[in-house]
Each structure stands twice: as structure tokens, then as C-alpha cells.
Amino acid sequence: LEADLKRICDGVKVKEEVIQVTLDKYKDVFLNASQQAHKLDEALSKYFGISQPVAPQEVSALGDVVRPCPVCQQCDLVVKKKRDGGFMLSCSGYPNCRAVQFFPGCIASVAVDQSLCDSCQPQPVHKLLMVFKAGQAPPYITAPSVVGCSTCDPLLINDLNIGPIRTTAPPPTVGGARGSQAAAGRGRASATHRGTAQRGTSDPSSATMSQPENSAVC
């Protein structure tokens with residue numbers, strides 16, 4: 001880059017050309033890092049367990065309707081804010097429908113734009129206005145915000161690495177876990193009782209102590 005800057009000063013290269021080449025290089029590095037990010041999760045899972053997406057119940061609804069839900073086809077997808085400050089789309093029919101789409105952490109705010117997507121169905125499908133956090137926009141995006149459809153816009157899908165709308169599995173029931181613990185406790189108690197009974201029959205002193213008081217007097 002320093003050599004190219006010197007060539008710009010010498011009039012050998014054009015500034016716009018150098019900027020575009022540099023941005024393309026940064027874009028390739030950013031996309032490659034985004035695609036390989038799961039390897040970091042896999043490596044850390046050996047020590048911290050498998051990472052889980054934030055469950056939809058851990059969010060607060062903003063009430064901004066984006067589009068009809070393509071999963072249940074009965075409710076709407078709305079913009080929601082997670083407890084960690086991030087944003088997502090979630091079905092208003094939760095928990096009956098667990099459709100969800102997560103947005104990257106570099107997004108500071110998400111708002112429903114008045115413009116509509118002409119490609120996605122069923123209509124109406126609103127585009128989203130996404131504002132980047134200060135200093136966290138991808139290096140090849142010079143604007144402080146972007147507007148597009150989170151389902152089909154290549155800028156949002158490829159450059160921001162926004163995944164498709166999907167469904168999340170329900171969390172395990174608390175009652176089931178308690179039931180398993182209770183069953184395990186009963187099993188340990190039964191085993192302890194059997195062990196005590198066996199020791200009682202093999203120990204003469206224990207057998208004598210277990211006799212009724214009348215027989216001991218006689």
C-alpha cells in the first residue's frame with residue numbers, strides 16, 4: 001500500500017484505482033474470516049461447550065412488522081432486540097412458531113423501511129434500514145447505513161453474512177430435568193436400602209438388635 005501511495009504521488013497510479021484494489025482485498029479477507037468463524041466456535045467448544053443461538057424468549061419486541069412469516073404463514077416477522085443489544089427477526093407467533101433470523105453485532109439499529117422488496121413472497125415484504133455501530137462497518141462499505149431485504153439482498157446476505165430465516169429448537173423442559181434427578185435420587189436410595197439390608201443379615205449383632213423386645217427378654 002505504501003508503494004502504491006508513492007506511485008500516486010509520482011503520478012504513475014490513480015487514487016481511485018488504488019482504493020478500489022485495496023477495498024477488494026479487505027473484502028476478500030473479511031468474507032473469508034466470516035465464513036471460517038465457525039472454526040473458532042468449534043475450537044472453543046472443547047472448553048466452554050457448544051455455542052447456542054440466543055433463544056427468542058430472551059428478546060424484547062419492538063413491534064415493527066417486516067413481512068408475513070414464511071414458516072407458519074399465519075403470523076408476522078417483527079424486529080426484536082436481544083438482551084445482549086443485538087437485533088433479530090422473530091415470528092410474532094412465538095412460541096408456537098420459532099422462525100428467526102439473526103443480524104450481526106456490528107448493527108447499531110434496525111428499522112423497517114417504507115420501500116418493498118419485489119422478489120420475496122408472500123407480500124408485503126419491507127426492506128430494512130440498518131445503521132452500523134461507529135467504527136464497525138465493513139471496510140468496503142463507506143456509508144453509515146444500508147437499506148435492503150434481509151432475505152434476498154446480496155449485500156446483506158453475502159457482505160454482512162446474514163443467514164436465512166430458520167427455526168430454532170425449543171429448550172429442554174425444566175420438569176424433565178427435575179424428573180430425571182428425582183429418579184436418580186430414588187435409585188440411589190433403593191441401592192442404599194438394599195445394601196443396609198444385606199449387611200443386617202450377615203452381621204449377628206445386627207440380627208439380634210432387629211429382634212422384638214419380647215423375644216430378647218425370653
Subject >> For Ser109, all residues meeting side-chain contact (heavy atoms from CB on, under 4.5 Å), sequence neighbours excluded >> reply: Val131

**OP:** To the nearest 0.5 Å, tell me how far Phe103 CZ sits from Lys80 NZ.
**Re:** 13.0 Å

**OP:** Give the intermediate values and the outcome of side-chain contact (heavy atoms from CB on, under 4.5 Å) for residues Met130 and Phe87.
**Re:** CA-CA 10 Å; Met130 297 185 177; Phe87 293 89; over 6 Å; no

Original post:
Out of curiosity, does Ile107 fall in the hydrophobic cluster containing Val147 (side-chain heavy atoms, cut-off under 4.5 Å, transitive links)?
Top reply: no

Subject >> Separation between OG of Ser145 and CG of Leu128, rounded to the nearest 0.5 Å >> reply: 12.0 Å

Subject >> Qualifying side-chain hydrogen bond (donor to acceptor under 3.5 Å, both in side chains) pairs, either residue in residues 128-137, two or more places apart >> reply: none

**OP:** Would you check if Pro144 and Phe132 make a side-chain contact, meaning some heavy-atom pair closer than 4.5 Å?
**Re:** no

Subject >> Distance, nearest 0.5 Å, that separates CD1 of Ile8 from CD of Glu16 >> reply: 8.5 Å

Original post:
Under 3.5 Å, side chain of Gln74 to main-chain N/O of Cys97, donor-acceptor pair present?
Top reply: no

Original post:
Going by atom types alone, do Arg67 and Thr151 pair a side-chain donor with an acceptor below 3.5 Å?
Top reply: yes

Original post:
What's the verdict on side-chain contact (heavy atoms from CB on, under 4.5 Å) for Val71 and Cys91, showing C-alpha distance, side-chain angles and the deciding distance?
Top reply: CA-CA 9 Å; Val71 177; Cys91 183; over 6 Å; no

Subject >> Separation of Ser90 OG from Lys82 NZ (nearest 0.5 Å) >> reply: 11.5 Å

Original post:
For Val146 and Leu156, what are the C-alpha separation, side-chain angles and deciding distance, and is it a side-chain contact (heavy atoms from CB on, under 4.5 Å)?
Top reply: CA-CA 8 Å; Val146 292; Leu156 303 185; 3.7 Å; yes

Original post:
Of Lys127, Gln101, His126, which meets side chain to side chain donor-acceptor pair (under 3.5 Å) against Ser150?
Top reply: Gln101

Original post:
Any donor-acceptor pair under 3.5 Å linking the side chain of Asp76 with the backbone of Val78?
Top reply: no

**OP:** Find the distance between CG (Leu89) and CZ (Phe102) and round it off to the nearest 0.5 Å.
**Re:** 10.5 Å

Original post:
Transitively linked via ILVMFWY side-chain contacts under 4.5 Å: Ile19 with Ile141?
Top reply: yes

Subject >> Path from Ile165 to Val66 over hydrophobic side-chain contacts below 4.5 Å >> reply: no

**OP:** Evaluate whether atom CG of Asp10 has more than 12 neighbouring non-hydrogen atoms of other residues, nucleotides or ligands under 6.0 angstrom away.
**Re:** yes

Original post:
Within a radius of less than 6.0 Å around CD of Gln114, do more than 12 heavy atoms belonging to other residues, nucleotides or ligands occur?
Top reply: no

**OP:** Show your working on side-chain contact (heavy atoms from CB on, under 4.5 Å) between Val79 and Val112 and close with a plain yes or no.
**Re:** CA-CA 8 Å; Val79 178; Val112 176; 4.2 Å; yes

